[in-house]
Amino acid sequence: MAKDLRTFLRDLERQMPEDVVRIKKEISPKFEITAIQQHLENEDRYPLLIFENVKNLKGERSPFKVMTNVFASRQKCTVAMDLPKEKWRMETSMEFARRCNHPIKPVIVSKKEAPVKEVIKTGPSLDLRELPVLTHHEMDGNPYLVDAIVAADPETGVHNSSHHRMLVRGKDELGLWMSPRHLWNYCQRAAEKGKALPIAHVLGHHPGFYLATEALVGMETDEYDVIGGVLNEPLRLVPSEAYGDQLLVPADAEIVVEGEVMLDTRDSEGPFGEFTGYYGPQRWGPVVKVKAITHRKDAYYMNILVGHPDTSILGGIPKEAGIYEEVKKSVPGVKAVHFPISGCCRFHAYVSIEKRVDGEGKVAAIASLPYHDELKHVIVVDSDVDPFNEKEVLWAVATRVQAGDDVDIVRRVRGGALDPSSYIHAVGDKMLIDATRPISRPYSERIRIPQEVMDRIKLKDWL
Amino acid sequence: MARIFWVVCPQCTKKFYAAKDDFRNKERPLLCPFCGKRFIDREAKEIIDDQN
């Protein structure tokens with residue numbers, strides 16, 4: 001059986017049954033689902049949630065169940081990588097990287113073999129408002145599709161998959177905003193030929209599909225191959241309903257919305273609560289005309305809650321192993337890299353190293369920076385500090401850093417397009433903190449209880 | 001991030017923000033996320049801008 005959202009759900013229920021919660025009570029997709037997620041987050045709880053009785057955008061009971069919080073804890077992503085849940089730290093990131101480095105070509109299946117073609121809606125029967133599309137935050141105002149957009153390069157046919165916000169404006173119209181990356185490039189080149197770019201929004205698939213979508217690969221790389229690598233099996237594709245072989249879509253998705261980006265037709269879009277935890281501003285973005293909606297008969301509508309751990313962790317894991325490999329080239333003793341939730345899993349990196357010589361901490365910090373433009377602050381710690389434990393990292397900053405010597409600032413470097421603190425668009429400062437102990441002079445010893453006593457005195461025997 | 005300006009909707013008087021390069025003095029209709037009112041920037045009840 002091909003991997004999909006359902007095989008993942010079964011794997012998760014096997015390993016972490018307490019982490020799947022089903023809610024039968026009727027609920028509105030406008031703010032109410034995200035309110036429940038926020039309440040749980042306030043208690044530091046992130047179960048995968050399945051809402052079984054959700055209204056659609058017309059206020060009617062939707063036949064679709066809503067699934068959310070799929071990525072909201074690292075352990076769920078660990079299960080998605082076919083690892084035991086205990087291997088949620090660097091093992092998960094390294095397994096992701098290993099799979100990315102072994103791409104697998106997709107296979108094309110017939111319409112009959114594609115679950116996503118069980119229901120096909122085109123023409124007058126098509127209506128986005130039949131979907132239980134969530135409105136996340138107060139100033140979003142409108143419901144948004146937020147999973148992943150796939151498109152084919154208008155010249156080479158290579159497929160790209162990426163995350164972008166899409167506002168639902170009516171029964172067959174969406175608004176789109178994109179940063180100037182691969183999809184934007186495809187749209188520009190299609191427009192130069194006077195054509196609209198066909199795209200498809202993939203709502204619900206195995207989490208490996210979306211983690212692979214966050215992999216940093218060149219524009220010449222077919223991301224369906226990378227997704228296959230991360231799934232560890234060929235991704236099954238099927239010709240799209242509206243564009244045939246020109247745009248292949250995942251056969252095992254829950255729901256696919258097909259349409260075309262009209263760069264010459266624009267409208268207001270946003271604000272939208274972004275991964276930074278702030279609203280991205282209203283933009284003048286291209287309109288997407290929807291041409292087909294296909295789905296499984298009993299489809300799940302998957303939603304990624306942007307601006308919360310659900311989207312932070314999704315973006316962080318794919319970058320950790322990439323930075324690890326970059327740092328390893330110059331600092332062989334690198335142990336682990338963590339993108340913490342406190343930095344939206346984009347802006348902060350904690351790097352631990354087995355330091356051999358003075359200055360190596362700064363080398364590790366410098367080597368981390370170019371990997372991703374959104375990375376702002378790098379903290380390098382010794383290997384006795386766990387980079388996945390923020391309290392330990394900040395303790396190292398408190399006790400091993402003298403700002404005059406150990407903090408460096410690089411000004412006006414390309415940065416993230418959504419960083420609210422930057423005053424020049426997509427340009428910002430970088431800060432490198434070397435929180436490692438010096439090698440060349442005696443340094444205070446970290447306190448500890450003798451290991452022999454720790455091993456002998458067990459809590460269960462005393463409390 | 002793109003430079004922003006805040007606007008107050010002339011219909012519901014709620015506040016939201018938009019990208020300056022996209023809407024300021026461009027005659028493009030803003031869309032109030034709270035009440036759906038469409039209006040251009042000079043029709044706003046109030047504009048909070050940095051003047052630059």
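So that the names make sense, note that chain A is the first sequence line, chain B the second, and so on, each numbered from 1. Remember, it's a predicted structure, so these values are computed and weren't measured experimentally.
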Would you mind checking which part of B:I4 comes under 4.5 Å of any heavy atom in chain A, side chain (CB onward), backbone (N, CA, C, O), both or neither? side chain
Turns out that what part of B:Y17 lies under 4.5 Å from chain A's heavy atoms comes down to both
Less than 4.5 Å apart, side chain to side chain, heavy atoms only: is that true for A:P281 and B:W6? no
For the candidates A:D267, A:V427, A:N142, A:T276, which exhibits the highest count of non-hydrogen atom pairs separated by less than 4.5 Å from chain B? A:D267
Counting only heavy atoms from other residues, nucleotides and ligands, does the tally under 6.0 Å from CD of A:E138 exceed 12? no
Could you walk me through whether A:Y423 and B:R3 satisfy the side-chain contact (heavy atoms from CB on, under 4.5 Å) test, starting with their C-alpha distance in whole Å, then the side-chain angles of each, then the deciding distance to 0.1 Å, before giving a yes or no? CA-CA 7 Å; A:Y423 46 89; B:R3 291 169 66 201; over 6 Å; no
Shortest non-hydrogen contact from A:S268 toward B:L30: OG-C, 4.2 Å
Has A:R412 got more than 12 heavy atoms of other residues, nucleotides or ligands less than 6.0 Å from its CZ? no
Could you tell me which non-hydrogen atom of B:D22 sits nearest to which non-hydrogen atom of A:R283, and how far apart they are? OD2-NE, 2.7 Å
Should the heavy atoms of other residues, nucleotides or ligands under 6.0 Å from CZ of B:R38 be counted, would the total exceed 12? yes
Over 12 non-hydrogen atoms of neighbours within 6.0 angstrom of CZ in B:F39: yes
Heavy-atom pairs under 4.5 Å with chain A are the metric here; pick the option from B:P33, B:C35, B:G36 that has the most. B:P33
For B:M1 and A:Y279, which heavy atoms make the closest approach, and how far apart are they? SD-O, 4.2 Å
When the 4.5 angstrom heavy-atom criterion is applied to A:E274 and chain B, the contacting part is neither
So with a 6.0 Å cut-off around NZ of B:K45, is the heavy-atom count from everything else above 12? no
Looking at A:K171, I'd like to know if its NZ atom is crowded, meaning that more than 12 non-hydrogen atoms belonging to other residues, nucleotides or ligands lie closer than 6.0 Å. yes
Between B:K14 and chain A, with a heavy-atom cut-off of 4.5 Å, which part of the residue counts as in contact: side chain, backbone, both or neither? neither
Which heavy atom of B:K15 sits nearest a heavy atom of A:M139, and at what distance? O-CE, 4.0 Å
